[in-house]
There are 2 protein chains.
Amino acid sequence: MTTRELLPVIDVTACCSPLTRDTISADHADDLARSLKALADPARLRLISIVAASDGAEACVCDLTEPLGLSQPTVSHHLKVLVDSGYLEREKRGTWAYFRLVPGSLDSVAHLLVTV
Amino acid sequence: MTTRELLPVIDVTACCSPLTRDTISADHADDLARSLKALADPARLRLISIVAASDGAEACVCDLTEPLGLSQPTVSHHLKVLVDSGYLEREKRGTWAYFRLVPGSLDSVAHLLVTV
DNA sequence: TGGTGACATCGACCACTGTCAATGCAACAT
DNA sequence: ATGTTGCATTGACAGTGGTCGATGTCACCA
């Protein structure tokens, strides 16, 4: 066979497989990593869960400090991270600050995940 | 109305809304946070993307070092994190180590996310 | 006006993480 | 046997992140 001499050449480059579709861009990877990093903390996941399960789908800090077993400054810090990342929204009513889930925020990051 | 005297009591506790459904457990939050933390890195997201886009849906380290612009030990470290977290599987064939996506791993964590 | 309660911010500490150079190891070629 | 190549591991370093006490700020009440 005349193709016999070509095969070794192909074998040498066998470790490097070509790409069959586009990959995620570096900027897109940075953004998605930032969004995921905001969720990748047990305290913040529990905060989201408690807010979502609360009556009226909203809760204030006083509702959240005790079940988490963390100090008030720490809970405030986590809530700020979640608000800055777009997962929660904050509304101040009188003395209390109420937090609500931003609709669709979890679904959108979950959808981005499966298309990586 | 005889219920008039009860209302102020209700108002005093107005900041504390009751829960309408179960919240995520602390252990479950820990597990999910660990899974998300493994994904919450730009380099690891790009690794997953490149592996998924590679011919045969697998790639070796030599395919991954150059496009990421990171050193070989760093890429190996990230790949180990992804394997330990169940997103990639590693198969050694001769000199090369091939990495493949674990089917359904991304979908399952995405599904867990929207049910928090 | 002074006091109190709810929340945010600051400063500091400690643990963790991403990164790389150096090294180790195993498979292959010569 | 010796060298080479692909990859993993180690050790060290700098940067980041979670936590809390102390403090600041604002709304409300007496």
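Between the side chain of B:T65 and the main chain of B:V61, a donor-acceptor pair closer than 3.5 Å is present. Checking side-chain atoms of B:S25 against main-chain N and O of B:H28 turns up a donor-acceptor pair under 3.5 Å. When atom types are taken as modelled, the side chain of A:D84 and the backbone of A:V81 share no donor-acceptor pair closer than 3.5 angstrom.
When the C1' atom of C:dA26 is taken as reference, atom CH2 of B:W96 falls 14 Å away, rounded to whole Å. Atom-to-atom, NZ of A:K80 to C1' of D:dG17 comes out at 15 Å; the value is rounded to the nearest Å. When rounded to the nearest whole Å, the span between CZ of A:R34 and C1' of D:dG17 equals 15 Å. One can place CG of B:L36 at 13 Å from P of D:dG18, the figure rounded to the nearest angstrom. Between the C1' atom of D:dG17 and the CG atom of A:D84 lies a distance of 15 Å, rounded to the nearest Å. Spacing between atom CZ of A:F99 and atom C1' of C:dA6 amounts to 11 Å, rounded to whole angstrom units. The nearest whole Å value for the distance from the CG atom in A:D41 to the P atom in C:dC16 is 14 Å. Between B:R46 atom CZ and C:dG18 atom P the separation is 16 Å, expressed in whole Å.
When the side-chain nitrogen and oxygen atoms of A:R90 are compared with OP1 and OP2 of C:dA8, one or more of them lie within a distance under 4.0 Å. OP1 and OP2 of C:dC7 both lie 4.0 Å or more from every side-chain N or O belonging to A:H77. Dashed line: the shortest gap from a side-chain N or O of B:T74 to OP1 or OP2 of C:dC20 is under 4.0 Å. Remark: A:T95 is not in phosphate contact with D:dA27, judged by side-chain N or O atoms under 4.0 Å from OP1 or OP2.
At a cut-off of 3.5 angstrom, the base of C:dA8 holds at least one donor-acceptor pair with the side chain of A:Q72.
Of the candidates D:dG21, C:dT17, C:dT19, D:dG21 carries the atom nearest the A:P73 side chain, counting heavy atoms from C-beta on. Picking from C:dT19, D:dC7, C:dC7 the nucleotide with the shortest atom distance to the side chain of B:L70 gives C:dT19. Between D:dC28, D:dA8, D:dT5, one nucleotide has an atom nearer to the side chain of B:S76 than all others, and that is D:dA8. Distance from the side chain of A:C60 is smallest to C:dC7 among C:dC7, D:dC7, D:dG6. Side-chain proximity of B:H78 to the nucleotides C:dA6, D:dA8, C:dT19 is greatest for C:dT19.
Atom CD of A:E91 sits in a crowded spot, with more than 12 heavy atoms from other residues, nucleotides or ligands closer than 6.0 Å.
For B:E58 and B:R93, the salt-bridge test passes: some basic side-chain N is under 4.0 Å from an acidic carboxylate O.
Both A:G94 and A:K37 lie near DNA chain D, and the one whose nearest nucleotide falls closer to the 5' end is A:K37.
A:R44 comes within contact range of the sugar-phosphate backbone alone, with a heavy-atom separation under 4.0 Å but no base atom that close.
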